[in-house]
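Numbers here simply count residues along the sequence, with the first being 1.
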Amino acid sequence: MSLKQLSSIRSFQIIRNASTAGQHITESTTNNQIAKQWIFEGNLERKTLAEVCRGSLVLSLCSIKYLVDRSDTLLHVSSKILGPWIHRKLMRATLFGQFVGGETKHEVFESCNKMNAVGIRSFLHVLCESNLGQGSRGESYYNGVLRSMLESIEIAHKLPDAAVAFKISGIVSTDLCYKINEYLKNHDYLDSKSDLFVEKIADAMAKRRSPPKLSFLNESEQLEFEGVLNRIHETNSLAQRKGVKVYYDLEWTYTRDTLYALIMASQLLFNRELPLIMSTYQAYLRDTESLLRRHFEFLDEKRVSFGCKLVRGAYLEAETARSALLGLENPVNDGYDATKQSFNNCMDIILERVARQPDKNHVMFATQNQDSIQRALHVLSELGIRDGVVFAQLLGNNDALSYGLGKSGIPVYKLLSYGSIVDTLPYLVRRAMENRSVLSTARDERGVYWNELRRRFLRFT
């Protein structure tokens, strides 16, 4: 049945099955009833009064465009004026405390256990990445990041149904990824004649052949390329032994082909039976739908399971500005409506695939948008999909929505970034400035927090 022929929403209920990692859909509770649970302020009842007050304050500040646009400068000035000790305390009580899972293993486990108690799974995110122009940071640095990635897999292994998310630019320079990306413009990674054909990369990762010698790289760049192959393979091998799903993020369009080549090579090696290695598809880009179809065709030919995370995308404004500056065609969809349509089209393509083979396909819809989640659940019900689909939101954003999904038994994750304040605050500033639309949801969510505060105080009157 085509998705365009879907009619009325069936009623359903998500119930847990202890013998499997997935959820199963039966007919009992209507979508409208669950939707009311999502937006109910009482979903925040498990938060302490201090956490609700902090959420009200931080989200109110994040809804002010003037502050978001100048957040980097304001944080730098406050650090200089207040000094490192007071600045650290202030950040832990506000921005860091709202959006970051912790600085230590103990704090990470504590955050994860709080979420597990309300039916929310943990999605651990190592905050390490590089930018164009930084150059190589050296093998010692990259191996240090690798240790953090391996540690996060070990942590996730000890938590129920936890997963991990990594940026490949944390273990290789973006400059090298850009250089390889330029080569791939004329040497498709899905073309067997290319030196960087994904099967050749996979064989090199698995030590079945020597890494391809790339004539356009100098000696140090070639060694760095071989190093990232080893680091990715070591990460994936541990994830396979521990049974932890790995989601690799996509970043800029000028490194996208390089990242897809590395991720798909990993999928050839580790997704033979079940989806373990997940790619990311960014719906705000014009060609994402056609790219999805190309990847499906290739993986089907190789009899490999498919796994992905579908996002709207965090680089929309930056990609548009870069294209205008360099006189390039803008790769971004024209406006919110076009991006929403792209997201829905990609959702339909993926879910039709999951419906055919739920054990060989897996998707995470990483969205803060309640309408998108409602639509996905509609299609799940219509196609009779019981496994292979989960949802995710950022820690500190749309907590009432996530809590409502978790209480309803719908498989939902929170992206839990962690690390020192020095490492995490610059990341949060970049995400806020690159994707103001994520923090703009604070305008709606702050009302939920204020209503929760009002609800608690009324109990004492």
Are the side chain of [X] and the backbone of [Y] linked by a donor-acceptor contact shorter than 3.5 Å?
| X | Y | answer |
| --- | --- | --- |
| Q267 | I277 | yes |
| N181 | T258 | yes |
| D287 | S290 | no |
| S305 | E273 | yes |
| K360 | R272 | yes |
| S122 | A162 | no |
| T288 | Y284 | no |
| S194 | L190 | no |
| D175 | G133 | yes |

Considering all heavy atoms, the nearest [X]-[Y] contact:
| X | Y | result |
| --- | --- | --- |
| L214 | Q222 | N-OE1, 3.2 Å |
| S237 | F270 | OG-CZ, 3.6 Å |
| S130 | R137 | CA-NH2, 4.3 Å |
| A202 | A265 | CB-O, 3.6 Å |
| L259 | D249 | CD1-O, 4.0 Å |
| D399 | L394 | OD1-O, 4.4 Å |

Practice prompt. Kindly determine whether E199 and S192 satisfy side-chain contact (heavy atoms from CB on, under 4.5 Å), including the steps that lead there.
Written response: CA-CA 8 Å; E199 282 194 291; S192 60; 5.9 Å; no
Looking at [atom1] of [X] and [atom2] of [Y], how far apart are the two atoms once the value is rounded to the nearest 0.5 Å?
| X | Y | atom1 | atom2 | answer |
| --- | --- | --- | --- | --- |
| S279 | N271 | OG | CG | 10.5 Å |
| L351 | I385 | CG | CD1 | 4.5 Å |
| Y418 | T104 | OH | OG1 | 11.0 Å |
| K193 | K200 | NZ | NZ | 10.5 Å |
| C62 | L95 | SG | CG | 6.0 Å |
| N397 | L59 | CG | CG | 6.5 Å |

Taking the side chain as every heavy atom from C-beta outward, state whether [X] and [Y] have any pair of such atoms under 4.5 Å apart.
| X | Y | result |
| --- | --- | --- |
| Q368 | L401 | no |
| Y183 | D195 | yes |
| K309 | L250 | no |
| W252 | E319 | yes |
| R312 | Q282 | no |
| P212 | L196 | yes |
| V145 | R231 | no |
| F365 | V389 | yes |

Discussion item. side-chain contact (heavy atoms from CB on, under 4.5 Å), that's the test. Do F225 and V172 meet it? Break it down for me.
Written reply: CA-CA 8 Å; F225 172 67; V172 66; over 6 Å; no
Worksheet item: With sequence neighbours left out, what residues match A338 under side chain to side chain contact (heavy atoms under 4.5 Å, CB included)?
Response: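 Side chain to side chain contact (heavy atoms under 4.5 Å, CB included) list for A338, sorted by chain: N333.
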Only distances under 3.5 Å count here; give the side-chain donor-acceptor pairs of residues 150-159 to other protein atoms, sequence neighbours excluded, each with its distance to 0.1 Å.
residue	atom	partner	partner atom	Å
S152	OG	M149	O	2.7
H157	ND1	K242	O	3.0

Under 3.5 Å, side-chain donor or acceptor atoms of residues 74-85 against the rest of the protein: list the pairs with distances, not counting sequence neighbours.
residue	atom	partner	partner atom	Å
S78	OG	L74	O	3.4
S78	OG	L75	O	2.9
S78	OG	H87	NE2	3.4

Practice prompt. Could you give me the CA-CA distance, side-chain angles and deciding distance for C308 and I350, then say whether side-chain contact (heavy atoms from CB on, under 4.5 Å) is met?
Written response: CA-CA 9 Å; C308 80; I350 295 168; 3.7 Å; yes
Worksheet item: What do the steps show when you test K245 against D161 for salt bridge (Lys or Arg N to Asp or Glu O under 4.0 Å), and what is the final call?
Response: CA-CA 9 Å; K245 285 183 170 63; D161 296 318; over 6 Å; no
Discussion item. Quick check on R303: does its CZ atom have over 12 non-hydrogen neighbours (other residues, nucleotides or ligands) under 6.0 Å away?
Written reply: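 At most 12 heavy atoms, drawn from other residues, nucleotides or ligands, come within 6.0 Å of this atom.
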Worksheet entry | NZ/K302: more than 12 non-hydrogen atoms of other groups inside 6.0 Å |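 Counting neighbours around NZ of K302, more than 12 heavy atoms of other residues, nucleotides or ligands fall under 6.0 Å, so yes.
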Side-chain donor-acceptor distances from residues 108-120 under 3.5 Å, at least two apart:
residue	atom	partner	partner atom	Å
S111	OG	G101	O	2.6
S111	OG	E107	O	3.1
N113	ND2	F109	O	3.1
K114	NZ	E51	OE2	3.0
N116	ND2	C112	O	3.3

Fill in: Donor-acceptor pair between N345 and Q341 side chains, under 3.5 angstrom
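There is such a pair between these side chains.
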Practice prompt. Hey, can you tell me if Y248 and F166 have their rings parallel, tilted or perpendicular (30° and 60° cut-offs)?
Written response: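 If you compare the ring of Y248 with that of F166, the planes turn out tilted.
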Fill in: Listed once per pair and sorted, the salt bridge (Lys or Arg N to Asp or Glu O under 4.0 Å) pairs that draw on residues 328-347, sequence neighbours left out
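Only R286-D334 qualify under salt bridge (Lys or Arg N to Asp or Glu O under 4.0 Å).
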Worksheet entry | Residue pair S173, Y142: steps toward the side-chain contact (heavy atoms from CB on, under 4.5 Å) verdict | CA-CA 9 Å; S173 72; Y142 295 136; 3.4 Å; yes
Practice prompt. Quickly, which of T367, D348, N369 forms a side chain to side chain donor-acceptor pair (under 3.5 Å) with R375? Name it, please.
Written response: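 It is D348; the other options fail the test.
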Discussion item. One thing to verify: whether E182 and K185 come together as a salt bridge, which I'm taking to mean a side-chain N less than 4.0 angstrom from a carboxylate O.
Written reply: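 Yes, this pair counts.
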Can I get a per-line list of side-chain donor-acceptor pairs under 3.5 Å for residues 291-298, giving both atom names and the distance, sequence neighbours left out?
residue	atom	partner	partner atom	Å
R294	NH2	D188	OD2	2.5
H295	ND1	Y281	OH	2.7
H295	NE2	Y189	OH	2.9

